[in-house]
> 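Below is the structure I would like to discuss, written out as structure tokens.
Numbered from 1 within each chain, the chains take letters A, B, ... in sequence-line order. As a basis for the values below, the full set of heavy atoms in this structure was taken, side chains included, without hydrogen atoms, waters or symmetry mates.
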There are 2 protein chains.
Amino acid sequence: MAKKSADKHYGGRGDPARSMALLWRTGTEPRGRGPKPGLTVDRIAAAAIELADAEGLAALSMRRVAEKLGVGTMSLYTYVPAKAELVDVMFDLVCGEIAPPWADTWRERLELIARANLETYRRHPWMLTVMANSRPPLGPNSIANYDRDLRAVEGIGLSDLEMDSVVAMLGVYVQGAARTAIEAASSERDTGQSDLEWWEAYAPLLEKVFDPEKYPTAARVGAVAGETYESAYDPEQGFRFGLARLLDGVEALIRNRNA
Amino acid sequence: MAKKSADKHYGGRGDPARSMALLWRTGTEPRGRGPKPGLTVDRIAAAAIELADAEGLAALSMRRVAEKLGVGTMSLYTYVPAKAELVDVMFDLVCGEIAPPWADTWRERLELIARANLETYRRHPWMLTVMANSRPPLGPNSIANYDRDLRAVEGIGLSDLEMDSVVAMLGVYVQGAARTAIEAASSERDTGQSDLEWWEAYAPLLEKVFDPEKYPTAARVGAVAGETYESAYDPEQGFRFGLARLLDGVEALIRNRNA
DNA sequence: TCCTGTTGTCGTACGTTGTACGGAGTAACA
DNA sequence: TGTTACTCCGTACAACGTACGACAACAGGA
């Protein structure tokens, strides 16, 4: 591990030109002399995505990817400068999967975009760990998505700046809600324990230390929520509720602008 | 690394009783025979928090924590069953720092709660990486926070379930927005490169591959946003904007309920 | 006071990680 | 037929979490 990079396992700290060339698949032309390449960046990234989908981000090691492709570990470094850049490529590839249908009203359009994002995160839970909102990898697919999201709120009375803010806010919210929703599923796979089993293990222990008289509100609301969801929390319900409130807020903004 | 746990570096997969006892500091009484303990869980966690604050989550290793305390690495394992449980304790301790002032209106109260959370994440950026919304460590401080958040929206016309949903939604949004806001600062520390420098390195490369005619909306809005924020994005502005929309949405819900 | 059992301390070792380095082999151009 | 550019990859290193077990320190019972 030559250089540490704190808790970010993603790229942007290598050569910017090399990173961009990798994402946009440019600058691979001047080949002539040596042996033909036996791999491509896309083949490597596809294998890596498959691995991360199936076994989680922690299982995504260069050794495992190489094994999956039947090559030596270090061969990967002929095509990809480091793991961080590989993850950037994986990220942009998956961004290309997000394809919400168009709809007539801005509200439906944003709902469909939110839903499409959520579904993608569900298929590739590691995306949520890997996403960087500041300094994102500027790949072709994430840029195309930015444009598509903006067009969903174009011509409805918002300023350019407000369009940008609405799109950013929606992205932030969906990521947060998806994190909660996805976590349940992936922790079940990682621990072999369902949410209900987890709660049944912890609830009696909590009862021993939790004083309902000290926190009557939490006790009452927690009990109601627990009964309703048959668990501590229902992520799907939470996602819909939050999205509805958020879009109501956008609606109020539009009403204000047009009034 | 005896057991892998995918991309979760936090606890809950060990003995539940031990985890809870650690968080609530119970069950440490029956000491008598051997030598006096030279450390406490709190001293260890405090050192770990200091380290994670200063150098990031990646620098948080058992070796480094032990070094900071002047003990052998393995001595830590007398007090803490594993790193995951230590992180849980760190999490709950920091939860105890979140102390928003009370206010007269529910809107102000939620704003102050959101702001207090954001400030805490700013002081301890690793919290965002470590937080698990599903199966959270059920420590005393996070439970107290849940109660406090609920009381902020009590008696304003919402059902118990809606109170729970509003609090959850706020938490999700603040986490997401904070992630964006915090990332900028921590990537600057990790890479030694400011956001502006990053953008100046990538912008010319992006211009070479980005076709404004293909994505006119992104080109126009991106330019306006870039000029306004003097960067790709202003996290503080984004936080305020999103929070305002979200609270507008809650306001609409309350109006509906009381109408 | 000495023995005994309990507890805290921690050195060593193992399996994992990302990747720097350099050598070996291959294919096209001079 | 070199020469040269290129792919392939074995080896090595530092750092990680932690299982294991030897050792030391102390309190209670004899």
Side-chain angles (χ1 to χ4, degrees), chain A residues 1-11 13-15 18 27-41 43-44 48 51-52 55-88 90, chain B residues 1-11 13-15 18 27-41 43-44 48 51-52 55-88 90:
Chain A
M1 286 197 211
K3 289 236 167 70
K4 62 178 57 176
S5 61
D7 40 318
K8 306 186 57 162
H9 18 230
Y10 30 90
R13 105 197 96 290
D15 175 19
R18 179 83 197 271
T28 42
E29 317 88 14
R31 281 189 25 258
R33 274 299 169 88
K36 301 267 174 285
L39 288 173
T40 61
V41 174
R43 279 234 299 143
I44 295 173
L51 181 60
E55 301 186 41
L57 199 60
L60 181 73
S61 73
M62 299 302 267
R63 277 169 242 258
R64 292 288 310 273
V65 173
E67 198 184 328
K68 224 169 146 55
L69 290 165
V71 300
T73 308
M74 293 312 291
S75 297
L76 302 181
Y77 287 87
T78 308
Y79 302 89
V80 160
K83 190 188 183 186
E85 280 80 358
L86 171 59
V87 171
D88 284 353
M90 293 167 63
Chain B
M1 292 199 205
K3 289 238 165 69
K4 62 178 58 177
S5 61
D7 40 320
K8 307 187 56 163
H9 19 230
Y10 30 92
R13 108 198 96 289
D15 175 19
R18 180 84 197 271
T28 42
E29 317 86 15
R31 282 189 24 258
R33 273 300 170 88
K36 299 269 173 285
L39 288 172
T40 62
V41 174
R43 279 234 298 144
I44 295 173
L51 182 59
E55 301 187 39
L57 199 60
L60 180 73
S61 73
M62 299 302 268
R63 276 169 241 257
R64 292 290 307 276
V65 174
E67 197 183 331
K68 226 168 142 58
L69 291 165
V71 300
T73 309
M74 293 311 291
S75 297
L76 302 182
Y77 287 88
T78 308
Y79 304 88
V80 160
K83 190 190 183 185
E85 280 80 359
L86 171 58
V87 171
D88 284 352
M90 292 166 64

> I'd like a list of close polar pairs between nucleotides 26-28 of chain D and the protein, N/O only, cut-off under 3.5 Å.
from: D:dC26; atom 1: O2; to: B:R33; atom 2: O; distance (Å): 3.1
from: D:dA27; atom 1: O4'; to: B:G32; atom 2: O; distance (Å): 3.3
from: D:dA27; atom 1: O4'; to: B:R33; atom 2: O; distance (Å): 2.9
from: D:dG28; atom 1: O4'; to: B:R33; atom 2: NE; distance (Å): 3.3

> Can you measure A:I44 atom CD1 to C:dT19 atom P for me and round it to whole angstrom units?
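For the pair A:I44 CD1 and C:dT19 P, the rounded distance is 13 Å.
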> Just checking B:A82: base, sugar-phosphate only, or nothing, at a heavy-atom cut-off of under 4.0 Å?
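Result for B:A82 = sugar-phosphate.
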> Separation of A:R64 atom CZ from C:dG18 atom C1', in whole Å?
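Spelled out: CZ on A:R64 to C1' on C:dG18 is 16 Å.
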> Using a heavy-atom cut-off of under 4.0 Å over every strand shown, decide if A:L86 touches base, sugar-phosphate, or nothing.
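Answer is nothing: A:L86 stays at 4.0 Å or more from every strand.
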> From the set D:dT7, C:dG18, D:dG17, return the single nucleotide nearest to any side-chain atom of B:R63.
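Of the options given, the side chain of B:R63 lies nearest D:dG17.
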> Between A:V71 and B:S61, which is nearer to the 5' end of DNA chain D once each is assigned its nearest nucleotide?
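Comparing both residues, the 5'-ward one is A:V71.
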> Tell me, which of residues 72-81 of chain A have any heavy atom that sits under 4.0 Å from an atom in DNA chain C?
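By residue number: A:T73, A:M74, A:Y77.
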> Round to a whole Å and report the spacing from CG of A:L51 to C1' of C:dG18.
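Roughly 15 Å, once rounded to whole Å.
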> Grab the CD-P distance between A:E55 and C:dT17 for me, whole Å please.
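For the pair A:E55 CD and C:dT17 P, the rounded distance is 11 Å.
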> Give the rounded distance in Å between these two atoms: CD of B:E67 and P of D:dA15.
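Atom CD in B:E67 sits about 11 Å away from atom P in D:dA15.
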> When the C1' atoms of the five terminal pairs at each end define the local axes, what inter-axis angle does the helix from C:dT1-D:dA30 to C:dA30-D:dT1 show, to 10 degrees?
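Roughly 30°, once rounded to the nearest ten degrees.
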